[in-house]
Amino acid sequence: MIRLHDICKSYHTSQGQHEVLKNVNVTVERGQKVGILGRNGAGKSTMIRLLSGAERPTSGSIERTMSVSWPLAFGGAFQTTLTGYDNLRFICRIYGIDPTDKVEYVQEFSELGSYLREPMRIYSSGMRARLAFALSMLIEFDCFLIDEVVSVGDARFHEKCQRELFDKRADRALIIVSHDMGYVREHCSKLCVLSQGHLSSFDDADEAYEFYHRAIHLQ
Amino acid sequence: MNTPSPAVPSIFEALRVQGRVIYALMMREVITRYGRHNIGFLWLFVEPMLFTLAVTLLWGGLKLNHVSALPITAFAVTGYSSILLWRNMPGRLIGSVQPNLSLMYHRQVKVIDVFVSRLLIEFMGATISFIALTIIFATFDWMSLPEDLLKVIEGWLMLTWFGCALAILLGALAEDYEIIEKLWHPLAYIIMPLSGAGFIVDTLPKEGQDAILWLPMINGVEYIREGFFGSVIVSHYDMAYMAEANLVLTVLGLAKMLKISREVTPE
């Protein structure tokens, strides 16, 4: 379970304090699929960082009794002067798993083949994204965080990702943060809408959609 | 399968994770910095060795011998190795948070891990270089081995502590104040000749001695030199003062570091 309790988050800006989240409360149970909808700038990325534990709230508490992934397929942490294999080893080291039996899986799944041993700066963006997704699948988290629609590589690779994530890991919790109602609706049973710093939860998708639609056009 | 660490780890588990992260960061940093070409990670200590060697040859060539009764090689090796410790550590930590911000999406990676991994690399580089040069020069009879090894080690560790504490403070401050990065280089440049690497305190007039010993690192350098050639020179130091100065820097540095790690926002 992950529980956000009365979370507030504000940032210093040149215009003074800017409050992004105001008294946010939400609970994600084991195996639950939760979608968080919000317009651009609604605080979705802040939510992701708080949920993953990369950042601390200004006030409020976060309770975590299950392991939470880093944002799925996030490639920003790659050191591009290093090889894909070096980056794979780094991830394995910080999560305490043995990389030797993972190499083959990553090589095959990311379709990189022998390029895994080349510096990442020569990779295309598709290659980087595929590697990032493959690395996200190395650690068996209880809960996966997804920041925006997972659209990695071509249609075939996309299908492979869907299978790996939604079929093979159907028992895991998912938190999808997106502005795309359709995608969230397809995968989530519980929907939340982030608007003007407040988070509203809905069990009924139509209600959530109605609310989200109003929130978009309100401003 | 691979079970990630429990959400609320015990202190031992937390230490184990931290050790793992620091090791991973060190390996990443070493490969990034030195690559796999030619001698690879050996550059870690070959680089400081070359620096020290160059300075030793330069000082030897300039016949700086007249400043003291000490053999120039031993003088340069102890002096320049000490500089490497306290000057490179802050240099490596200033500006080290920004390029590693995205790593902090992995919850277990913290600012302190980035700092500690870099400090360990610098410590290892400088220490191996110091030991290797001493042994090499001693083999060729250009300098003699330390008279009191324990004293040398103590002095070296005190200098390491000073370097680490100063580095953490400056590294953490640099996150909030860009000017730190701009000021550190000229400042290090000015302090370098005053740090005791190029002279021994005993050659100064009394007032000069008292003034210069306010610089914490010079106490450490003098202590190391006493360990090396205590019977030949008179050393001046106040290790209690150096420990106090180090402690103050450590407390300030850790406090500032905790503050920035609470506020850090991964990109």
Side-chain angles (χ1 to χ4, degrees), chain A residues 1-2 9 11-12 20 45-46 48-58 62-72 74-83 85-87 89-99 101-102 117 119 135-143 145 147 169, chain B residues 1-9 12-37 40-41 96-114 116-117 175-176 258-267:
Chain A
M1 180 205 64
I2 311 168
K9 181 74 194 178
Y11 293 103
H12 298 285
V20 179
S45 303
T46 305
I48 282 279
R49 286 196 296 265
L50 289 170
L51 286 163
S52 74
E55 199 178 350
R56 297 194 204 180
T58 309
I62 302 176
E63 206 182 321
R64 251 188 232 98
T65 57
M66 57 184 178
S67 61
V68 186
S69 78
W70 69 88
L72 198 81
F74 175 68
F78 285 137
Q79 178 74 271
T80 52
T81 52
L82 299 184
T83 65
Y85 176 65
D86 290 329
N87 283 287
R89 275 206 306 190
F90 177 75
I91 296 286
C92 286
R93 277 184 184 132
I94 61 174
Y95 285 93
I97 62 172
D98 184 9
D101 50 335
K102 301 291 179 192
R117 307 272 178 174
L135 293 185
S136 295
M137 293 295 112
L138 284 182
I139 322 289
E140 298 295 337
F141 291 107
D142 300 325
C143 175
L145 287 181
D147 194 355
R169 289 169 180 76
Chain B
M1 285 281 311
N2 323 294
T3 4
S5 4
V8 188
F12 296 107
E13 174 62 17
L15 283 176
R16 218 168 53 86
V17 171
Q18 188 157 35
R20 217 158 67 193
V21 169
I22 289 170
Y23 173 69
L25 285 169
M26 281 176 74
M27 297 305 285
R28 179 181 154 106
E29 178 71 13
V30 167
I31 303 173
T32 306
R33 212 189 291 173
Y34 304 110
R36 292 209 171 74
H37 311 294
F41 81 98
S96 64
V97 178
Q98 286 298 330
N100 287 303
L101 266 187
S102 51
L103 288 183
M104 290 168 202
Y105 267 109
H106 303 287
R107 187 163 67 252
Q108 62 273 52
V109 181
K110 302 282 181 209
V111 174
I112 189 169
D113 303 313
V114 172
V116 171
S117 61
E175 245 346 85
D176 283 348
L258 285 179
K259 186 169 170 291
I260 63 158
S261 33
R262 270 197 301 273
E263 291 166 357
V264 81
T265 309
E267 279 157 14

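The sequence lines fix the lettering, A, B, ..., with proteins before strands; numbering per chain opens at 1.
- Shown here for A/E55 and B/V264, the closest heavy-atom pair between the two residues is CG-O, 3.7 Å.
- Of the listed residues B/N100, B/I22, B/L103, the one with more heavy-atom pairs under 4.5 angstrom with chain A than any other is B/L103.
- No more than 12 heavy atoms of other residues, nucleotides or ligands lie within 6.0 Å of CZ in B/F41, so this atom counts as exposed by the packing criterion.
- Between B/Y105 and A/A54, the shortest heavy-atom distance links the atoms CA-CB, 3.9 Å.
- When all heavy atoms of B/H106 and A/W70 are compared, the pair lying nearest together is CE1-CD2, 3.3 Å.
- Heavy-atom pairs under 4.5 Å with chain B were tallied for A/S45, A/S69, A/P71; the largest tally goes to A/P71.
- The two atoms that bring B/R28 and A/L82 nearest to each other are CG-CD1, 4.0 Å, heavy atoms only.
- Across B/I31, B/T265, B/V109, the residue that shares the most heavy-atom pairs under 4.5 angstrom with chain A is B/T265.
- Interface remark: A/I91 contributes side-chain atoms only to the contact with chain B (heavy atom separation under 4.5 Å).
- Contacts between A/T81 and chain B at a heavy-atom distance below 4.5 Å involve the side chain alone, from C-beta outward.
- From B/R107, atom CZ reaches atom OG of A/S67 across 8.0 Å, with rounding to the nearest 0.5 Å.
- To the nearest 0.5 Å, the span separating CD on B/E29 from CZ on A/F90 amounts to 10.5 Å.
- A/T58 OG1 to B/R262 CZ: the interatomic distance, rounded to the nearest 0.5 Å, is 12.0 Å.
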